[in-house]
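First comes the structure, then the notes that go with it.
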Amino acid sequence: MNKLFSIYEKAFDDYLKLIQEKLPRTLYLFNIRLNISLDIEIKFNGQMEITKSLEAQEAYIKVIKLLERWNTYEALNHYMKELAGYVKKKESIYTMVNSNVLIDSTAMQVLKSCIEKISEKYKTMNEFRNDIEKYFEKINSDNNLKDTLKKSCENIHQYILNGKNITGYEILGLIYAERNMYYHNGETTRMGMKYCNRIELLNIYIECIEDYMLKLVIYILNKEIGHITNASTL
């Protein structure tokens with residue numbers, strides 16, 4: 001289990017004890033989704049041709065786990081929208097959290113660290129580099145993705161290639177693009193990559209969205225606890 005989860009549990013329990021009213025439904029639903037997404041285990045019977053390969057099984061399992069974590073992040077966004085100061089209005093889900101919140105919570109460090117991990121693999125693993133080029137090409141050629149989302153994904157590609165300035169939000173854009181392509185466009189888990197390299201990439205994504213989400217919600221709960229405590233002393 002992620003070590004940050006125990007910190008989250010304490011913050012959640014502290015907040016629950018402090019509030020004088022019913023837990024906000026959006027936070028209640030997020031907590032359920034978080035617990036399920038972190039504890040989920042999946043297996044294949046291996047009776048179909050495609051799932052006879054253990055690598056194929058592992059890749060599909062990781063995609064499902066990643067998307068369940070992303071769905072949990074969407075639940076967190078519903079909670080943040082009800083509060084003041086955490087999100088920007090009329091922004092896409094992958095750019096909506098205020099940058100100062102990401103910096104103060106250290107969630108931005110998580111995003112940039114995950115981008116660096118992809119960049120490092122690109123520079124040191126030839127097969128990974130070849131596959132990630134096909135991956136970016138597949139995203140860029142998808143006519144169902146919005147141009148703004150494709151541009152955000154391409155910015156990471158350009159950062160890896162030539163050091164283009166990026167914000168950190170772009171890694172969330174990549175995961176969001178995956179989510180849309182898998183859910184809405186009928187894409188399979190390979191995304192043009194070999195399973196072994198796909199698994200490497202998915203591991204980075206899963207760690208990224210999990211740590212990012214937990215750091216964010218821990219920060220928010222502690223801030224809300226502070227607001228309530230300060231108000232009670234006035």
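Scanning for salt bridge (Lys or Arg N to Asp or Glu O under 4.0 Å) contacts around K81 gives an empty result, with sequence neighbours left out. Shown here are the side chain to side chain contact (heavy atoms under 4.5 Å, CB included) partners of Y183, two or more places apart in sequence or in another chain: L67, N71, R179. Evaluation of the ring-ring contact (aromatic ring centres under 6.0 Å, His included) rule for Y122 yields no partner, not counting sequence neighbours. Partners of K123 according to the salt bridge (Lys or Arg N to Asp or Glu O under 4.0 Å) rule, which considers only residues two or more places apart in sequence or in another chain, do not exist here. By the side chain to side chain contact (heavy atoms under 4.5 Å, CB included) test, T188 pairs with Y60, R190, sequence neighbours left out. Residues satisfying the ring-ring contact (aromatic ring centres under 6.0 Å, His included) test with Y135, not counting sequence neighbours, are none. Taking the salt bridge (Lys or Arg N to Asp or Glu O under 4.0 Å) definition, one finds that E120 meets it with nothing, sequence neighbours left out. Under the rule for a ring-ring contact (aromatic ring centres under 6.0 Å, His included), the partners of Y176 that lie at least two apart in sequence or sit in another chain are W70, Y94.
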Which pairs would a plain distance check flag for residues 10-19, meaning a side-chain donor or acceptor within less than 3.5 Å of a matching protein atom at least two apart in sequence or in another chain?
from: K10; atom 1: NZ; to: D14; atom 2: OD2; distance (Å): 2.8

Side chains of residues 213-226: which donor-acceptor pairs under 3.5 Å do they make with residues two or more places apart or in other chains?
from: K215; atom 1: NZ; to: T106; atom 2: OG1; distance (Å): 3.1
from: N222; atom 1: ND2; to: I218; atom 2: O; distance (Å): 3.3
from: E224; atom 1: OE2; to: Y86; atom 2: OH; distance (Å): 2.8

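Residue L54 is not grouped with residue I42 when hydrophobic side chains (ILVMFWY) are merged at heavy-atom distances under 4.5 angstrom, including chains of intermediate members. A single hydrophobic cluster is not seen to contain both I204 and I199; linkage of ILVMFWY side chains at heavy-atom distances under 4.5 Å, directly or through other members, places them apart. At a threshold of 4.5 Å between side-chain heavy atoms, the hydrophobic network of Ile, Leu, Val, Met, Phe, Trp and Tyr places M125 and M193 in one connected group.
Counting only residues at least two apart or in different chains, salt bridge (Lys or Arg N to Asp or Glu O under 4.0 Å) contacts with residues 94-117 comprise K117-E207. For residues 28-38, the salt bridge (Lys or Arg N to Asp or Glu O under 4.0 Å) pairs, not counting sequence neighbours, are R33-E68.
A donor-acceptor pair under 3.5 Å is absent between the side-chain atoms of D211 and the main chain of V110, judged by distance alone. Formation of a donor-acceptor pair under 3.5 Å by the S105 side chain with backbone atoms of V101 is found in this model. Between the side chain of N162 and the backbone N or O of K164 there is at least one donor-acceptor pair closer than 3.5 Å. Side-chain atoms of N35 come within 3.5 Å of backbone atoms of N31 as a donor-acceptor pair (strictly under, hydrogens ignored).
Of the candidates E58, E178, E55, R198 forms a salt bridge (charged side-chain N to carboxylate O under 4.0 Å, His left out) with just one, namely E178.
Between L27 and L76, the closest side-chain pair of non-hydrogen atoms is not below 4.5 Å.
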